[in-house]
*Asks:* 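Quick one: the structure is below, and I'll ask about it shortly.
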Amino acid sequence: VQLQASGGGLVPAGGSLRLSCAASGGTFRNFAMGWFRQALGKEREFVGAIARNGIHRDYSDAVRGRFFISRNNAENAVYLEMNSLKPEDTATYFCAADFALCGNYYSTGASDYEYWGQGTLVTVSS
């Protein structure tokens, strides 16, 4: 599975961005999907995840209530809507795919994800 993330950019604090991740080379609906981020000098951290069924979701405490993850299995894509952005949201954002046998399964652990995109940089100015 190949993943291509896009949609990053420079945005002022309080603004919004929508990240997209296009998947190819596999059966997208068989994968739970996740978004992670890595700020300069910091470890990669979980942002959000969505199960195969598109219903079960989870978010990190840092973004819950501001970010929203969704997927479109017909278009082989997962999205991350980011609102009320803060300077501390500045990071490279990665999408990842985790093969899932169960429709309601998702993981918040990076080590569970088999496939990763190249990342897209989000910079939030203060």
*Asks:* Minimum heavy-atom separation for S126 and A13, please, with both atom names.
*Replies:*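 Closest approach of S126 to A13, heavy atoms only: CA-CB, 4.4 Å.
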*Asks:* May I ask you to test the V122-L17 pair for a side-chain heavy-atom distance under 4.5 Å?
*Replies:* yes
*Asks:* Does any non-hydrogen side-chain atom of T123 lie less than 4.5 Å from one of V11?
*Replies:* no
*Asks:* Hey, is the main chain of A5 close enough, under 3.5 Å, to the side chain of Q118 for a donor-acceptor pair?
*Replies:* yes
*Asks:* Answer yes or no: is there a side-chain heavy-atom contact under 4.5 Å between I55 and N104?
*Replies:* no
*Asks:* Hydrophobic cluster membership, with links at side-chain heavy-atom distances under 4.5 Å among I/L/V/M/F/W/Y: are V78 and F99 in one?
*Replies:* yes
*Asks:* Quick check: do Y115 and F31 have side-chain heavy atoms less than 4.5 Å from each other?
*Replies:*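 Result yes, sub-4.5 Å side-chain heavy-atom pair found.
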*Asks:* Is the distance between the ring centroids of F46 and W35 under 6.0 Å?
*Replies:*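 So the answer is no for these two rings.
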*Asks:* Any side-chain donor-acceptor pair under 3.5 Å between D98 and Y105?
*Replies:*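 Short answer, yes.
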*Asks:* Would you kindly check if the NZ (Lys) or CZ (Arg) of R57 is within the cone defined by 45 degrees around the ring axis of Y106 and under 6.0 Å from the six-membered ring centre?
*Replies:* no
*Asks:* Would you compute the distance between atom OG1 of T120 and atom CZ of R37 and round it to the nearest 0.5 angstrom?
*Replies:* 14.0 Å
*Asks:* Using side chain to side chain contact (heavy atoms under 4.5 Å, CB included), reason through Y93 and V47 one step at a time and then give a plain yes or no.
*Replies:* CA-CA 9 Å; Y93 285 71; V47 174; 4.2 Å; yes
*Asks:* Closest heavy-atom contact between S125 and P12?
*Replies:* OG-CA, 3.4 Å
*Asks:* Ignoring hydrogens and geometry, is there a side-chain-to-backbone donor-acceptor pair from T90 to V124 under 3.5 Å?
*Replies:*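 Pair found, side chain donor or acceptor close to backbone of V124.
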*Asks:* Between M82 and L85, which heavy-atom pair has the shortest distance, and what is it?
*Replies:* CB-CD2, 3.8 Å
*Asks:* Quick check: do N83 and E81 have side-chain heavy atoms less than 4.5 Å from each other?
*Replies:* yes
*Asks:* Looking only at non-hydrogen atoms, find the nearest pair between L3 and A23 and report the distance.
*Replies:*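 Minimum heavy-atom contact is CD2-CB, 3.6 Å.
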*Asks:* Is a side-chain donor or acceptor of Y59 paired with a backbone partner of I69 at a separation under 3.5 angstrom?
*Replies:* yes
*Asks:* Determine yes or no for a side-chain-to-main-chain donor-acceptor pair under 3.5 angstrom, with R52 supplying the side chain and F28 the backbone.
*Replies:* no
*Asks:* Less than 6.0 angstrom separating the ring centers of F36 and Y113, yes or no?
*Replies:*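 Under 6.0 Å, so yes.
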*Asks:* Where is the tightest heavy-atom contact between R66 and S84, given as atom of each residue plus distance?
*Replies:* NH1-O, 2.9 Å
*Asks:* Using side chain to side chain contact (heavy atoms under 4.5 Å, CB included), reason through F67 and D89 one step at a time and then give a plain yes or no.
*Replies:* CA-CA 11 Å; F67 290 14; D89 294 319; 4.0 Å; yes
*Asks:* May I ask you to establish whether R44 and F94 are in a cation-pi arrangement, using a distance under 6.0 Å from NZ or CZ to the six-membered ring centre and at most 45° from the ring axis?
*Replies:*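 Yes, R44 sits over the ring of F94.
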*Asks:* I need the minimum non-hydrogen distance between A91 and A39, along with the two atoms involved.
*Replies:* CB-N, 3.8 Å
*Asks:* Going by heavy atoms in the side chains, are Q38 and E45 under 4.5 Å from each other?
*Replies:*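 No. Closest side-chain heavy atoms not under 4.5 Å.
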*Asks:* Can we say D61 and R64 salt-bridge, meaning some charged N sits less than 4.0 Å from an Asp/Glu carboxylate O?
*Replies:* yes
*Asks:* Would a distance-only check, ignoring hydrogens and angles, find a side-chain to backbone donor-acceptor pair under 3.5 Å from R71 to G54?
*Replies:*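 It does not hold such a pair.
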*Asks:* Output the distance between atom CE (M33) and atom CG (N73), rounded to the nearest 0.5 Å.
*Replies:* 10.0 Å
*Asks:* Determine whether L19 and V1 fall in the same hydrophobic cluster, where Ile, Leu, Val, Met, Phe, Trp and Tyr are linked whenever their side-chain heavy atoms lie under 4.5 Å apart.
*Replies:* yes
*Asks:* Within a 6.0 Å radius of atom CZ on R29, are there more than 12 heavy atoms belonging to other residues, nucleotides or ligands?
*Replies:* no
